[in-house]
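Just below is one structure, and these are the notes that go with it.
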Amino acid sequence: MTPRREGTFQPQSTSAAHDTRRRQLLFLGEPLASTPNLAVRTGLGSTPFAARRLPVTSHHCCYIARQFTRQTLRRWNLHSICDDAVQIASELVANAVRHGQSDAVMAEGEQAGVWLAFALRPRTLLCVVRDPSQLSPRLRAPQPLAEHHRGLPIVNALSKTWGWTTAPQAQGKSVWARVALPAA
């Protein structure tokens with residue numbers, strides 16, 4: 001497979017329709033049937049996972065994040081928490097683009113990207129947004145008429161829990177939120 005600039009992986013194939021379907025499966029985190037690993041091929045022991053690199057230079061990055069979130073949660077039949085997850089993902093991505101895009105530059109000279117990922121756990125949906133900044137997010141009460149600083153209070157209100165992690169050896173941080181799944 002060869003990496004694409006948008007952040008998803010594009011398998012090499014001859015048929016355009018086949019290529020599109022395989023990209024969509026990879027994009028949504030489903031294992032390919034051709035993998036030699038039986039556990040991955042059958043889904044045994046695997047966690048449903050979806051990730052997407054977002055174009056931070058585009059004015060539509062939050063729109064893309066909302067569409068990706070809706071598409072992923074519909075595919076996983078999580079309609080009842082879709083609105084909350086879309087709002088959480090949108091707020092975390094907006095914060096990452098606004099505050100997390102430091103002067104980090106990749107090897108090719110392009111600006112480092114923001115990633116949005118979801119993992120389905122037994123009782124929660126985990127939403128993670130990764131950006132190149134080491135600055136910790138700060139939850140603070142917004143002023144009553146302020147237009148900014150409302151993202152993390154919204155995430156705090158809609159999620160079961162949230163937080164962030166940094167890796168000392170890697171540049172950047174991951175801000176995450178857990179959304180409780182409906183009782184079965």
Between [X] and [Y]: side-chain donor-acceptor atoms closer than 3.5 Å:
| X | Y | answer |
| --- | --- | --- |
| Glu91 | Gln87 | yes |
| Ser174 | Trp164 | no |
| Arg66 | Ser90 | yes |

When you measure from the side chain of Ser133 to the backbone N and O of Leu135, does any donor-acceptor pair fall under 3.5 Å?
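Yes; at least one donor-acceptor contact below 3.5 Å.
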So, the side chain of Lys173 versus the backbone of Arg130: is there a donor-acceptor pair under 3.5 Å, distance only?
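Side chain of Lys173 to backbone of Arg130, a donor-acceptor pair under 3.5 Å: no, none is there.
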What is the distance from atom [atom1] of [X] to atom [atom2] of [Y], rounded to the nearest 0.5 Å?
| X | Y | atom1 | atom2 | answer |
| --- | --- | --- | --- | --- |
| Ile154 | Asn95 | CD1 | CG | 9.5 Å |
| Leu92 | Leu152 | CG | CG | 7.0 Å |
| Trp115 | Asp131 | CH2 | CG | 14.0 Å |

Heavy atoms, side chains only, cut-off 4.5 Å: are Arg70 and Arg74 in contact?
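Result yes, sub-4.5 Å side-chain heavy-atom pair found.
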Side-chain heavy atoms of Ile64 within contact of Arg52, under 4.5 Å
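Contact flag for Ile64/Arg52 side chains = yes.
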Are Val86 and Val179 grouped together when hydrophobic residues (ILVMFWY) are joined by side-chain heavy atoms under 4.5 angstrom apart?
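No, Val86 does not connect to Val179 through the hydrophobic network.
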Closest heavy-atom pair and its distance - [X], [Y]:
| X | Y | result |
| --- | --- | --- |
| Phe118 | Ala89 | CZ-CB, 4.0 Å |
| Ala180 | Ile81 | O-CG2, 3.6 Å |
| Val129 | Ala96 | CG1-CB, 3.7 Å |
| Val93 | Ala65 | CG2-CB, 3.8 Å |
| Ala85 | Leu73 | CB-CD2, 3.4 Å |
| Ile88 | Val155 | O-CG2, 4.1 Å |

Considering residues at least two apart in sequence or located in another chain, which fulfil the side-chain hydrogen bond (donor to acceptor under 3.5 Å, both in side chains) criterion with Ser80?
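If we apply the side-chain hydrogen bond (donor to acceptor under 3.5 Å, both in side chains) test to Ser80, skipping adjacent residues, there are no hits.
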The test is side chain to side chain contact (heavy atoms under 4.5 Å, CB included); show your working for Thr165 and Val175 and say whether it passes.
CA-CA 7 Å; Thr165 58; Val175 183; over 6 Å; no
Distance under 6.0 Å and angle within 45° of ring axis: Arg178 vs Trp176
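Yes, a cation-pi geometry.
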Which one of Thr72, Leu78, Leu126 satisfies the side-chain contact (heavy atoms from CB on, under 4.5 Å) criterion with Leu120?
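Result for side-chain contact (heavy atoms from CB on, under 4.5 Å) with Leu120: Leu78.
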Take Leu125 and Trp76, measure what side chain to side chain contact (heavy atoms under 4.5 Å, CB included) needs, and give me the verdict at the end.
CA-CA 11 Å; Leu125 172 73; Trp76 293 346; 3.8 Å; yes
Is there a side chain to side chain contact (heavy atoms under 4.5 Å, CB included) between Leu116 and Cys127 once you walk through the steps?
CA-CA 7 Å; Leu116 170 61; Cys127 173; 3.8 Å; yes
Counting only heavy atoms not in His79, do more than 12 sit closer than 6.0 Å to its NE2 atom?
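Buried by this count: over 12 neighbours within 6.0 Å.
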